[in-house]
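Please read the structure below before turning to the comments.
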Amino acid sequence: MADNPYLAHLPPSQRGVGHSLSTSSSSSDREPLFGFLPRKVKGEQVRQAMNHQLNPFTKQPHSAQYRKILEARRALPVYAQMDEFLKRFSKNQIIVMVGETGSGKTTQIPQFVTYSDLPHTKGKLVACTQPRRVAAMSVAQRVADEMDVQLGKQVGYSIRFEDMTESGTTFLKYMTDGMLLREAMNDKELSRYSTIILDEAHERTLATDILMGLLKNLAKRRKDLKIIVMSATLDAVKFQSYFSLHDSAAGEEPSPAPLFKVPGRTHPVEVFYTQEPEPDYVEAAIRTVLMIHRAEDPGDILIFLTGEEEIEDACRKIKLEADDLLNADPSSVGPLMCVPLYSSLPPQQQQRIFDAAPKPSQEGYPPGRKVVVSTNIAETSLTIDGIVYVVDPGFSKQKVYNPRIRVESLLVSPISKASAQQRAGRAGRTRPGKCFRLYTEKDFISELEEQTHPEILRSNLANAVLELAKLGIKDLVRFDYLDAPAPETLMRALELLNYLAALDDDGELTALGGVMAEFPLDPQFAKMLIVSPEFRVSNEILTITAMLSIPNVWLRPPNQRAAADQAKAMLTVPEGDHLTMLNVFNNYYQNKHDRNWAWNNFLSARALAQAENVRAQLLRTMEKYDVDVISLEDERKRNIGIRQALTCGFFMQVAHKEGEKGSYLTVKDNQASTTLTIFKSLALTSSKVVALHPSCGLDSQPEWVLFNEFVLTKRPYIRTVTEVKPEWLLEYAPVYFDLASFPNGETKSALQRVANKRRGLSNGGGEETRPKKKLKKDKAKEEVDKREKL
DNA sequence: GAGCACTGC
């Protein structure tokens with residue numbers, strides 16, 4: 001056996017029993033998975049298979065690298081609990097698992113599952129979802145290495161724009177949660193999967209929340225499907241009771257889903273609080289950093305602030321003060337390097353967070369220190385090794401949705417306790433660290449929420465509701481959510497989808513809605529894309545949709561503002577910002593051979609490349625559903641067609657000019673639906689007075705404009721704006737613009753004049769409003785009524 | 001005359 005080249009370097013204890021390449025017919029010749037009974041596999045069997053000289057999945061001898069990695073895997077906390085995990089996996093359909101950072105759960109548990117579940121023997125897959133693409137990709141790569149297979153073969157990943165799997169070969173697939181949700185829309189049973197693992201469930205992304213609801217239901221229908229919900233924090237009790245086993249037929253009391261717990265592997269972090277609340281957290285953060293720099297041992301610092309402007313500002317101030325300190329006394333204070341970090345920063349600059357801290361200014365002088373000033377991106381998405389000190393002012397920008405006024409906005413808000421703990425943990429990744437919280441301990445205990453509100457409670461749900469409808473969920477209000485959204489939010493979503501004709505008046509998905517759901521877009525965009533061939537401008541609408549699906553393309557470096565504005569003016573189309581976006585993309589496309597074109601025009605090449613990617617994906621979907629891609633030759637007619645198609649998707653986002661001061665009134669925000677009587681009770685809002693955003697490229701102030709975005713910053717603004725004709729509103733959205741139900745005012749009078757003129761022209765004929773059908777008074781309505789009474 | 005927390009399809 002010592003001759004075995006694959007085992008010779010291992011101590012005898014790890015060679016397993018009788019594994020050899022000899023051809024004699026001893027038990028050692030058995031296949032690595034000999035005797036494995038699906039879902040009844042024991043830890044000892046798995047360990048033997050792992051030690052076998054042959055890879056059970058490729059039948060190839062294990063590589064030296066495999067052995068080396070296996071050594072490291074054995075040291076992971078989760079590895080020590082393999083036996084217990086497999087026992088639980090055999091016994092239960094649903095398991096909730098808690099593993100702190102460093103436990104190895106994301107890489108190991110899916111592997112344990114495959115050894116027990118043996119998906120490859122039944123043509124199935126094990127899926128493990130992640131909230132972020134990079135995580136899905138990098139974990140898949142790591143696990144492929146650990147299993148000694150090529151990425152994309154037995155182990156793969158699936159994310160938007162990239163399917164790194166091989167049909168028939170891949171049996172362990174990491175994927176984004178949104179991707180699995182999309183798959184569910186076309187296969188409600190998720191029949192390809194034998195086990196589904198939802199990782200990072202505590203992050204409570206919209207997709208994970210919806211998946212939890214679906215899987216809970218699916219588990220009742222598919223007894224062969226196993227589900228593991230993995231979470232990092234101790235909020236597992238909630239998941240346990242949500243997934244409780246309840247056999248009501250047998251009259252049993254519900255018993256919580258079993259919990260499997262694995263310790264983490266991090267270093268202790270000492271937490272400090274301020275004695276008094278800090279009135280200015282940015283100033284306090286800067287002061288704290290300098291205090292650490294002067295008084296604490298070497299080690300890098302991570303500060304959490306809320307946004308780009310705040311971060312750049314703080315970096316400048318820290319740098320100034322630190323340079324002063326260094327100049328005043330270079331023998332007692334080291335040099336300091338300050339690095340900003342936020343998502344809109346170009347990747348090259350983001351990489352700077354991994355640079356080493358500066359060297360001492362002179363030999364024998366104190367070492368330098370790196371300070372990273374970051375948004376929440378460093379809380380979950382990016383990990384920086386070597387951080388020893390964390391400064392946590394206790395705030396972050398969070399999305400909030402107000403269904404009453406249908407507005408999503410960003411608000412600087414206090415973080416949750418869970419978030420504060422996550423931030424503190426960032427100081428203990430490489431060695432014991434310290435966390436300075438810029439609030440009092442009392443506030444931490446009594447003021448901070450336990451958990452950040454899940455996304456489903458903070459978002460416009462139009463998209464999610466369309467997805468659920470496509471998933472066959474009939475009663476959206478009664479759907480078994482882990483946290484149910486406000487009924488108003490659901491109503492707003494239903495209302496929008498009904499106006500877009502994605503749902504009929506009974507709340508049933510229409511054929512149009514079914515196709516809309518196939519597009520990875522907000523419903524308004526999907527609608528306008530699908531109807532755009534009627535205006536013979538689908539090629540252009542496709543481009544505009546792609547451009548509006550990506551981050552801002554305009555660059556404006558602080559020292560070159562005038563030049564940037566000038567470049568923008570050159571590309572601006574005065575009829576509207578949507579046409580400008582189209583123009584930008586077309587120019588980019590024509591100048592693709594010129595690598596400097598984007599840069600010379602102060603445009604983000606990265607964003608434009610993304611737009612191209614999105615456009616290609618949308619084009620594939622259009623082709624799949626026979627949405628023709630066509631263009632109008634004549635530029636004038638084409639631009640009108642584009643604006644008309646825009647109106648078909650965004651007629652609910654229209655503003656009417658009031659007076660001459662450039663103020664606009666959003667149309668009909670204070671209105672209840674005409675057909676859906678259940679929304680009458682929601683008609684409590686007032687119209688919003690808004691202004692055109694300064695970035696708007698319109699050369700005049702047209703009477704009627706359509707906007708893509710409402711932003712609430714210093715003032716309420718509408719952004720990405722295009723002029724529309726009121727006739728189009730009446731023609732393409734007759735139900736929404738039914739004047740009989742319109743509130744009196746300037747807007748109504750203006751529309752009335754247009755309507756009268758149209759009626760005159762068509763001689764009173766052609767009643768275009770469709771017959772009004774009352775939505776049956778269903779549970780949804782009762783739900784809302786109940787709310788209103790409270 | 002301003003801004004874009006972070007993801008995802």
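Proteins come first, then strands; the chains are lettered A, B, ... in the order of their sequence lines, and each starts at number 1.
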* Once you round it to whole Å, what is the distance between C1' of B:dC9 and CG of A:Asp177? -> 10 Å
* To do: Select from A:Lys399 and A:Glu467 the residue whose nearest nucleotide in DNA chain B is closer to the 5' end of that strand.
  => A:Lys399
* Pairing of A:Glu308 and A:Lys397 as salt bridge, 4.0 angstrom limit -> no
* To do: Measure from the side-chain heavy atoms of A:Asp565 and tell me the nearest of B:dC6, B:dG1, B:dA5.
  => B:dG1
* Asked: Rounded to whole angstroms, how far apart are CD on A:Glu200 and C1' on B:dC6?
  -> 14 Å
* To do: State whether A:Tyr717 places a side-chain N or O below 4.0 Å from either non-bridging phosphate oxygen (OP1 or OP2) of B:dA2.
  => yes
* Asked: So what does A:Arg719 touch, heavy atoms closer than 4.0 Å: a base, only the sugar-phosphate, or nothing?
  -> sugar-phosphate
* Take atom CG of A:Leu521 and atom C1' of B:dG8, then tell me their distance rounded to the nearest Å. => 13 Å
* Asked: Who are the ring-ring contact (aromatic ring centres under 6.0 Å, His included) partners of A:Phe395, not counting sequence neighbours?
  -> A:Tyr281
* Reckon A:Thr176 has a side-chain N or O less than 4.0 Å from the OP1 or OP2 of B:dC9? -> yes
* Salt bridge check: are A:Arg719 and A:Asp577 linked by an N-O gap of less than 4.0 Å? -> no
* To do: Name every residue in residues 522-530 of chain A that has at least one heavy atom under 4.0 Å from any atom of DNA chain B, in order of residue number, or write none if there are no such residues.
  => none
* Asked: Which part of the nucleic acid does A:Glu308 contact within heavy-atom distance under 4.0 Å: base, sugar-phosphate only, or nothing?
  -> base
* May I ask you to say what A:Leu410 touches in the nucleic acid, namely base, sugar-phosphate or nothing, with a heavy-atom cut-off under 4.0 Å? => base
* Can you list the residues that meet the side chain to side chain donor-acceptor pair (under 3.5 Å) rule with A:Ser396, with sequence neighbours excluded? -> A:Gln398
* To do: In whole angstrom, give the distance that lies between atom NZ of A:Lys568 and atom C1' of B:dG1.
  => 11 Å
* Taking the side chain from A:Asn601 and the backbone from A:Leu603, do they hold a donor-acceptor pair closer than 3.5 Å? -> no
* **A:Thr375 side chain near B:dC6 phosphate (N/O to OP1/OP2, under 4.0 Å)** => yes
* Structure fact -> Side-chain atoms of A:Arg132 come closest, of B:dT7, B:dC9, B:dC6, to B:dT7
* Can you sort out the partners of A:Arg160 under side chain to side chain donor-acceptor pair (under 3.5 Å), two or more places apart, ordered by chain and number? => A:Gln617
* Atom pair distance, as rounded to whole Å: NE2 in A:His453 and C1' in B:dT7 -> 19 Å
* B:dC9 phosphate, OP1 or OP2: any side-chain N/O from A:Arg133 under 4.0 angstrom? -> yes
* **Results of salt bridge (charged side-chain N to carboxylate O under 4.0 Å, His left out) for A:Arg133 - residues two or more places apart only** => none
* ring-ring contact (aromatic ring centres under 6.0 Å, His included) involving A:Phe525 - partner list, sequence neighbours excluded -> A:Phe650
* Indicate, with a heavy-atom threshold strictly under 4.0 Å, whether A:Leu411 touches base, sugar-phosphate, or nothing. => nothing
* Asked: Nearest to the side chain of A:Arg160 - B:dC9, B:dT7, B:dA2?
  -> B:dC9
* **Between B:dC9 (C1') and A:Asn186 (CG): distance, integer Å** => 12 Å
* Can you tell me how far P of B:dT7 sits from CD of A:Glu455, to the nearest Å? -> 12 Å
* Asked: According to a strict under-4.0 Å criterion, is A:Ser343 in side-chain N/O contact with OP1 or OP2 of B:dC6?
  -> yes
* Between B:dC9, B:dT7, B:dA5, which nucleotide gets closest to the side-chain atoms of A:Arg182? -> B:dC9
* Nearest-Å distance for atom pair CG/C1', residues A:Asn463 and B:dG8 -> 10 Å
